[in-house]
Amino acid sequence: MENQKFEAETFSLLIPSVYTNMQVVWESIRAAHELPKSDFLSYATTTLIPVAFFNEFTGDTLVLRYWESCKHEDQETKLLEEKEIQLAGHTSNIQMLKSNDGLFYYYAIVQISDEFCYIFKGDCKIKNRSFYEPLFEEIWKSLEYFGNPKEAINKLPQFLLDLYYHTESDKNLDFDDEEENDIPPIIEEFSIPEDGKEYWKIDDIELQFLPECSASVNGTLYVNLEGIIPEFDEEKHSYIIDSYNGAVGLNFSLSQIYNQGMPTGIIPFEKGRDESYNHYLWDRGFNYSVAFTGHVTLKEGWVGLTGYLEDKWDPKRYKISVAKKINVEELEWEKYDFTLLKELEKTSPKIVRQLKLKDPDPIELREELHSLVHLESLSIQFSNDSKEAEAFTEIPTPIKYIKNLKSLHLWGISAVTKFPEWIGDLRELEHLLLTGSKVEGIHPYTLQYLSKLKYCYLENNSLESAPKSIPDNLEVLHLEGNQLTDIPSSYIQLENLRKLHIRNNPLKSLPAGLENIPELDLELEKKMILLDYTYKGADNSGVIPYNDELFYARNDSDLNSNLQKAIKKTDFQEYENGLSKIARHAVNFVTTTPDSYNELGNTRFGGLPDLPVNVEYPTVTIDEEKKGYQFIAQMNCASIASLQDYLPRTGVLYFFINDQEDFTPKVLYYDGEKDHLKSAKELNFDEEFIYDEGGIYKPFKTDSAKCVSLPSFYNDEHYYENIAPELKELEEQYDETEALQKVLLPFKTNSSHGINSYVFKQNDSPEIEAVNTLKGKPEEWMVLLRVSSDNNTGFSFWDAGEIYFVIHKSDLAKKDFSNVYCGLETS
C-alpha cells in the first residue's frame with residue numbers, strides 16, 4: 001500500500017493510499033476512508049493543540065486529561081489496551097477502546113513542549129480493527145514536526161483560539177451573534193437577467209462559463225455547469241476554490257421538473273443535499289469544507305442558483321448566484337422518467353416513454369394510461385398499507401393496449417388477487433415484475449408467448465404453482481416467497497436460464513437436473529434433500545477417500561496443548577469439549593521482508609511467480625487483447641510440510657485471480673525440480689499487462705507457523721449447531737471470543753494469511769459458497785488459502801476485505817487443483 005505525504009504548517013504525516021478523502025485544515029490533517037451514501041470505514045485525524053485546552057478536564061496529568069476529553073457522553077466505552085511508544089524523540093501514550101455501538105477508537109497524544117502537543121484520533125468499526133489498527137499506528141509513527149507551533153496556532157481563527165484557551169474576545173461572536181448566524185439568511189428569488197446575459201458570481205469573484213456546460217436528459221435532467229476564475233490566484237481564492245487553475249463544476253440531476261417541454265421548478269438544497277432525494281448535486285474544484293445551500297430554479301429555459309456556500313469549519317457564508325441559459329430545444333424528453341401524474345398534464349403522449357410512479361391514485365392512473373400508448377417502461381410502486389395500495393385491486397386493463405411496452409414493474413400490489421392473461425399479449429416485454437400480491441395462480445401459458453422476455457420477477461406473491469411454459473429467451477426467474485411445492489421439469493431444458501431463485505417456498509420435490517442451473521438460489525438443506533448435490537470430482541470421475549481428521553487441531557499434540565492453555569487463560573473451560581471438536585489445524589503466514597526474487601520457488605505473497613519453464617503466465621483475452629491474471633501468492637509445500645499433513649509434501653502451489661471484479665481463480669501445482677523454474681525476474685511485462693487496475697503487488701517473503709483456528713461465532717452456527725450446540729452461547733461474547741482467538745495467533749498481528757483457517761463472514765461461509773457453486777457438502781471443502789488485506793504487499797480487496805480459495809478435500813488428496821472456488825468477504 002502506497003503512502004502519500006501531507007503537510008500542515010508545523011507537521012507532516014504519511015497517509016496510506018486506502019484513505020482517499022483528505023483534508024488539511026489549519027493545523028489538522030484528517031484522512032477518511034468513506035463509502036457512497038456517507039457511510040464510512042475509518043477516520044484518522046492528527047492535530048496540533050495547546051496543552052491549555054485540556055485544563056478544563058479532570059486528571060492529574062495531561063495524558064489523563066486527554067483521555068477524559070475523548071469520552072463520548074452518549075456512548076459507553078470499554079478500554080481494550082493502553083501502551084507507550086517512542087515518537088519524534090518523545091514518549092507517546094496510546095489508548096484503544098471499544099464502544100457499545102461497535103466502534104473501535106485509537107487515541108494517542110505526544111507532548112512536544114510545555115505549551116503544545118499533538119493528538120491523534122482514529123476510529124473504525126470494531127470488526128475492521130485488525131486492518132485499521134496497524135494503519136493508525138503507521139500514520140501516528142510517521143509524525144514529523146517542525147516550524148513554530150506558537151506562530152501557527154496564533155494564525156487560527158479567533159473562535160478557535162477562544163475555544164483552545166477558554167477565553168472570550170471582542171472578535172469572537174457573542175451569544176446573540178451565534179444565534180443570528182445559526183439562522184439561515186433569506187434566499188433571494190431568482191429572476192431572469194433583464195439584459196439576457198449569463199453570470200456566475202461567488203462572493204466578490206466573477207467566473208466565466210466554460211464550453212463544457214451542458215444540459216441533457218437521461219432519466220432525469222442533467223445540468224452540468226463548468227466555470228473558471230479568469231485571473232486565478234491560489235493564495236487569494238483558496239478559501240473557496242481547491243483546483244490548480246481555478247476551474248470548478250456543479251452537476252445536477254433533477255427530476256419532477258417537466259412542464260410542457262420546459263424545465264420548471266424551485267429545488268431547495270441544504271449543504272449540498274436535497275431532503276426529498278429526487279435531486280442530486282455533485283461539485284468539483286471547491287474547497288472541501290464548503291457546501292451549497294440555496295435554491296436551484298428552472299424557469300423559462302434558464303437555470304438559476306441563489307444562495308450561499310457555507311463553510312463547515314468557519315461560521316462564514318459566501319454568496320453564490322448563477323444564471324445560465326439552457327438549450328431547451330435539444331432536450332430529448334423521450335428519455336425522461338415521468339414520476340408525477342401532474343407532469344403529464346397537457347403533455348403529448350408521444351413524449352411519455354418512461355413512467356415511474358409511487359403510490360398513484362388508481363382512478364387517476366387508469367384515466368392517464370388510456371392515452372399513453374407509446375410507453376416503453378411502466379413502474380408503479382406502492383408503500384406498505386397505503387390507501388392507494390388498498391384501492392389498487394386489479395392491474396389496469398389500459399396496459400393491455402400499450403404494445404411497445406418493454407418493461408412492466410408493479411411493486412407492493414397487496415390487494416391484487418389475479419394476474420390477467422392479457423399480460424401474455426405484451427409481446428415486446430423484456431422485463432416483468434409483479435410482486436407482493438395475493439395472487440395464488442397464474443395461467444400456465446400466460447408467459448409462453450413473451451418471446452423477448454429475459455427477466456421475470458414473481459416473488460412474494462401467493463403462487464401455489466409456477467408457470468409451466470416460459471419463453472426460451474428467459475435468463476432470470478425469481479419465484480421466492482410463494483407457496484410452491486414443486487418446480488416444472490421444463491425449466492431444466494431452458495438453455496438461457498442462468499438464475500432461478502426459489503427460496504422460502506414449501507417445496508416437496510424438484511426435478512433432477514435443476515441443480516445444473518448456474519445460479520440456483522435455494523436453501524442449502526433443501527438442495528441436499530431434493531436434488532443430487534453429490535460432488536463428482538474436479539475430473540468428473542468421482543471422489544477418493546481422504547483422512548478428515550488431518551484437518552483438525554485435536555490430532556496434533558502441540559496444538560491441542562495450545563488450545564487447552566488458551567481456554568484456561570480466557571476462562572472458557574466449560575466450552576472446552578465443543579471448542580476441541582471444531583478447532584482446525586491451520587497454518588498462518590505473515591509477510592516479513594521484501595522479496596528480491598533471488599530464491600526460486602520460495603513461499604511468496606505478491607509480486608510475480610517463479611513458474612515452470614514450460615508453463616505460460618495465465619491470461620484472459622479482453623477485446624482480442626491478452627491480459628494477465630493477478631498473481632496473489634506462491635507456496636512452497638516442502639517448507640511447510642512439517643506444519644500440517646494435508647497438503648502435498650513437495651512442489652509449489654500458485655494462486656491467481658482474474659481481477660477484483662471477477663474473482664475467477666487459477667491455481668496451478670508444480671511438483672518438479674527447482675532447476676526447472678523460471679525466475680520472476682525473467683517475466684518481462686509491466687503492470688499494464690495485468691488485467692486488474694491494481695497491477696502487480698509488492699513481493700514479500702513470509703514467516704509461517706501452525707496454529708489453532710476457531711470461527712468468529714458471528715453468524716457461524718452452521719459450523720457447530722450439530723456437533724457442539726452449546727457453543728451458540730458464545731455468539732453474544734464478542735470481546736471474550738476475540739481474546740481467545742488472539743491468544744491462539746502465532747504472530748502478534750491479525751494481518752496474516754492462512755491455510756485451513758476459518759474466515760469471518762457476514763453470511764454463510766466459504767465452504768457453503770463453494771457448495772452452492774460446485775456442489776458437495778460444506779464439510780467436504782476446506783480453505784486452501786485465506787489472503788487478508790496487507791499493507792506490505794498492498795493487498796486491499798475492496799474495502800479491507802479478504803479473499804479465500806476453497807478446494808474439495810478429495811481433489812486435494814488427488815493433487816488436482818483445477819476446480820477451486822474463490823470468494824471475497826468485505827465490509
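Hydrogens, waters and symmetry mates are skipped; everything else that's a heavy atom, side chains included, is used.
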Side-chain heavy-atom pair F797, E802 within 4.5 angstrom cut-off
no

Contact between F817 and P648 at the side-chain level, heavy atoms closer than 4.5 Å - yes or no? yes

(request) Flag yes if more than 12 heavy atoms outside K681 fall under 6.0 Å of its NZ atom; otherwise flag no. (result) yes

Less than 6.0 angstrom separating the ring centers of [X] and [Y], yes or no?
| X | Y | result |
| --- | --- | --- |
| Y629 | Y691 | no |
| Y654 | Y670 | no |
| Y734 | Y714 | no |
| F713 | Y720 | yes |
| H585 | F551 | no |
| Y821 | W781 | no |
| F685 | Y617 | yes |

task: Please assess R30 against Y43 for the test side chain to side chain contact (heavy atoms under 4.5 Å, CB included), listing each intermediate value before the final yes or no.
output: CA-CA 7 Å; R30 177 180 181 269; Y43 295 114; 3.0 Å; yes

Looking at R503 and D521, is any side-chain nitrogen of the basic one under 4.0 Å from a carboxylate oxygen of the acidic one? yes

ask   = Taking NZ, NE, NH1 and NH2 as the nitrogens, is one of them in D595 or K698 under 4.0 Å from a carboxylate oxygen of the other?
value = no

task = For K809 and D548, run side chain to side chain contact (heavy atoms under 4.5 Å, CB included): C-alpha distance rounded to whole Å, both residues' side-chain angles, the deciding distance at 0.1 Å, then the answer.
result = CA-CA 8 Å; K809 293 174 182 176; D548 199 53; 2.6 Å; yes

TODO: May I ask you to check if R584 and Y758 form a cation-pi contact, with NZ or CZ under 6.0 angstrom from the six-membered ring centre and within 45° of the axis?
DONE: yes

Inset, instruction - Determine, for Y533 and K775, whether the Lys NZ or Arg CZ falls below 6.0 Å from the six-membered ring centre while staying within 45 degrees of the axis. - result: yes

**OP:** Might you work through the salt bridge (Lys or Arg N to Asp or Glu O under 4.0 Å) test for K701 and E599, ending with a clear yes or no?
**Re:** CA-CA 10 Å; K701 297 180 180 180; E599 183 181 355; 5.0 Å; no

What do the steps show when you test T650 against D671 for side-chain hydrogen bond (donor to acceptor under 3.5 Å, both in side chains), and what is the final call? CA-CA 6 Å; T650 58; D671 191 14; 2.7 Å; yes

With V771 as partner, the option from M528, K527, H808 fulfilling side chain to side chain contact (heavy atoms under 4.5 Å, CB included) is M528

